[in-house]
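It should be emphasised that the depicted structure is a prediction, and the values quoted were computed from it without experimental measurement. Convention: sequence-line order gives letters A, B, ...; per-chain numbering from 1.
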Protein chains: 2
Amino acid sequence: MNIKEAAERTGLPAKTIRYYETIGLIAPARQDNGYRDYSDTDTHTLAFLGRARSLGFSIEDCRALLALYDDRARSSAEVREIALGHLARIETKIAELEAMRDTLGGLVEACHGDARPDCPILADLASEKR
Amino acid sequence: MNIKEAAERTGLPAKTIRYYETIGLIAPARQDNGYRDYSDTDTHTLAFLGRARSLGFSIEDCRALLALYDDRARSSAEVREIALGHLARIETKIAELEAMRDTLGGLVEACHGDARPDCPILADLASEKR
DNA sequence: CTTGACCTTCCAGTCACTGGAATCCCTATG
DNA sequence: CATAGGGATTCCAGTGACTGGAAGGTCAAG
């Protein structure tokens with residue numbers, strides 16, 4: 001099938017699919033006219049990538065996961081380790097964002113938000129300490 | 001003062017301070033030898049930027065906040081609007097990450113993580129639906 | 001006079017795409 | 001048969017916010 005159908009089936013933009021090819025995540029066959037020719041296996045791989053990316057795995061994680069997926073001798077421990085590492089990064093990021101949210105939320109609440117110029121948000125950003 | 005001292009005072013890397021200059025966030029004086037010369041006002045601005053960035057504001061938000069900070073005729077409502085927009089983006093991001101964490105956490109828990117190859121994580125990534 | 005720390009500019013790379021230009025291919029219609 | 005459209009190709013450049021590194025200039029100490 002052509003790239004457009006592969007895109008529709010996987011939900012990935014055609015641009016992204018081509019990009020995945022340039023970085024070696026997939027290697028579809030070519031038709032006589034030079035068009036890419038995606039097999040069901042290819043779309044399966046692309047969908048796998050789409051789901052892994054939607055869980056926030058990096059491209060390199062995806063590459064590793066794909067290799068493990070194709071490796072019948074894999075241990076589930078290897079997969080789990082990648083997932084755990086990613087989970088830790090997610091938790092860290094969430095904690096960072098929550099800290100931002102809490103600080104910023106407090107400032108927004110303290111700011112009356114009217115026509116007057118005095119503003120606790122700017123005052124906090126300008127303050128020496130913290 | 002030279003860039004190194006400005007960096008130490010503000011906690012920002014010298015590279016970042018130079019970068020902020022190239023994008024027009026700050027414009028320190030120059031000494032005769034061409035070295036940048038930071039005033040106390042400059043380091044104050046840099047510290048402001050550092051705190052705004054640490055709250056996750058984008059560079060463009062920072063630029064706007066700085067302009068408002070310098071504008072005596074500002075309304076706190078303008079500041080608050082920027083902060084609210086940013087807060088909304090943070091909340092969205094947190095929700096996305098929490099969804100990832102929940103899904104991934106469930107999969108990690110379901111995976112025994114030993115030498116055997118069968119793995120619910122890979123099974124989920126490879127599954128047709130979801 | 002040399003060493004070493006500091007400063008300068010400029011170029012390239014990061015991550016994962018995304019947009020756009022120029023060009024080619026295929027099918028259908030007038 | 002010419003042409004219009006929709007799709008395909010490649011390649012280049014840009015995103016955000018830095019960060020690393022190269023090549024070279026400046027300054028104070030020993």
Side-chain angles (χ1 to χ4, degrees), chain A residues 1-38 42-43 45-46 48-66 85-86 89-90 92-93 96-97 100, chain B residues 1-38 42-43 45-46 48-66 82 85-86 89-90 93 96-97 100:
Chain A
M1 79 193 76
N2 283 350
I3 198 167
K4 200 188 184 209
E5 192 180 341
E8 279 160 7
R9 285 206 201 176
T10 60
L12 294 173
K15 274 270 183 188
T16 299
I17 296 177
R18 286 194 201 96
Y19 171 67
Y20 285 171
E21 183 175 348
T22 70
I23 61 173
L25 282 180
I26 195 172
R30 294 285 178 145
Q31 299 162 19
D32 290 345
N33 58 13
Y35 286 17
R36 290 168 180 82
D37 191 5
Y38 295 90
D42 289 330
T43 54
T45 298
L46 287 170
F48 182 103
L49 289 170
R51 279 185 289 264
R53 290 288 301 129
S54 79
L55 284 179
F57 284 106
S58 72
I59 289 288
E60 286 319 304
D61 277 351
C62 289
R63 197 188 300 278
L65 289 170
L66 216 42
H86 179 43
R89 280 187 295 275
I90 290 177
T92 301
K93 194 74 197 164
E96 286 170 9
L97 288 173
M100 288 178 190
Chain B
M1 80 192 77
N2 283 349
I3 198 169
K4 201 189 182 208
E5 192 181 339
E8 279 161 7
R9 286 206 200 175
T10 61
L12 295 173
K15 274 273 184 188
T16 299
I17 296 178
R18 284 193 204 98
Y19 171 67
Y20 286 172
E21 184 176 347
T22 69
I23 62 173
L25 282 181
I26 195 172
R30 294 286 177 143
Q31 298 162 18
D32 288 346
N33 58 15
Y35 286 18
R36 290 170 178 83
D37 191 6
Y38 295 90
D42 289 330
T43 54
T45 299
L46 287 170
F48 182 104
L49 288 170
R51 280 186 287 265
R53 290 288 301 128
S54 79
L55 283 178
F57 283 106
S58 71
I59 290 287
E60 287 318 307
D61 277 351
C62 289
R63 196 189 300 278
L65 289 170
L66 217 42
I82 293 174
H86 179 43
R89 282 188 293 274
I90 290 177
K93 193 74 197 165
E96 286 170 10
L97 288 172
M100 288 179 190

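With hydrogens and angles ignored, no donor-acceptor pair under 3.5 angstrom links the side chain of B:Y19 to the base of D:dG16.
When the P atom of C:dG4 is taken as reference, atom NZ of B:K4 falls 16 Å away, rounded to whole Å. With rounding to whole Å, B:E21 atom CD is found 13 Å from C:dC7 atom P. In this structure, B:D32 places its CG atom 14 Å from C1' of D:dC27, rounding to the nearest Å. Separating the CD atom of B:Q31 from the P atom of C:dC7 is a distance of 9 Å, rounded to the nearest angstrom. Taking atom CD1 of B:I17 as the reference point, atom C1' of C:dT8 lies 15 Å away to the nearest angstrom. The OH atom of A:Y38 sits 11 Å away from the C1' atom of D:dT9 (whole-angstrom rounding). Look at CG on B:L25: it is 13 Å from C1' on D:dC18, rounded to the nearest Å. In this structure, B:D61 atom CG and D:dG16 atom C1' are separated by 13 Å, rounded to whole Å.
Close to D:dT19, at under 4.0 Å from its OP1 or OP2, lies a side-chain N or O of B:T16. Between B:K15 and D:dT19 there is no side-chain N or O to OP1 or OP2 distance below 4.0 Å. Residue A:R18 has no polar side-chain atom (N or O) positioned under 4.0 Å from OP1 or OP2 of C:dT18. Applying the 4.0 Å criterion to OP1 and OP2 of C:dT9, one finds that B:R30 has a side-chain N or O inside that range. Between A:R36 and D:dA8 there is no side-chain polar atom (N or O) within less than 4.0 angstrom of OP1 or OP2.
The nucleotide whose nearest atom lies closest to any side-chain atom of A:Y35 is, among C:dC17, D:dG7, D:dC18, D:dG7. With C:dC7, C:dA16, D:dA17 as the choices, the nucleotide that has an atom nearest any side-chain atom of B:N2 turns out to be C:dC7. Closest to the B:P13 side chain, of the nucleotides D:dT19, C:dC17, D:dT9, is D:dT19.
By the 4.5 Å heavy-atom criterion applied to side chains, B:D61 and B:R89 are counted as neighbours. Looking only at side-chain heavy atoms (C-beta outward), B:L55 and B:R51 stay at 4.5 Å or farther from each other. A heavy-atom distance below 4.5 Å is not found between the side chains of B:D42 and B:M1. Side-chain contact between B:L46 and B:R9: absent, with no pair of heavy atoms (C-beta onward) separated by less than 4.5 Å.
Salt bridge B:R18/B:E21: absent, no basic N to carboxylate O contact under 4.0 Å.
Mapping A:N33 and A:Y20 onto DNA chain C via the closest heavy atom, the residue that lands nearer the 5' end is A:Y20.
No engagement by B:I23 is indicated, since no non-hydrogen atom pair under 4.0 Å with the nucleic acid exists.
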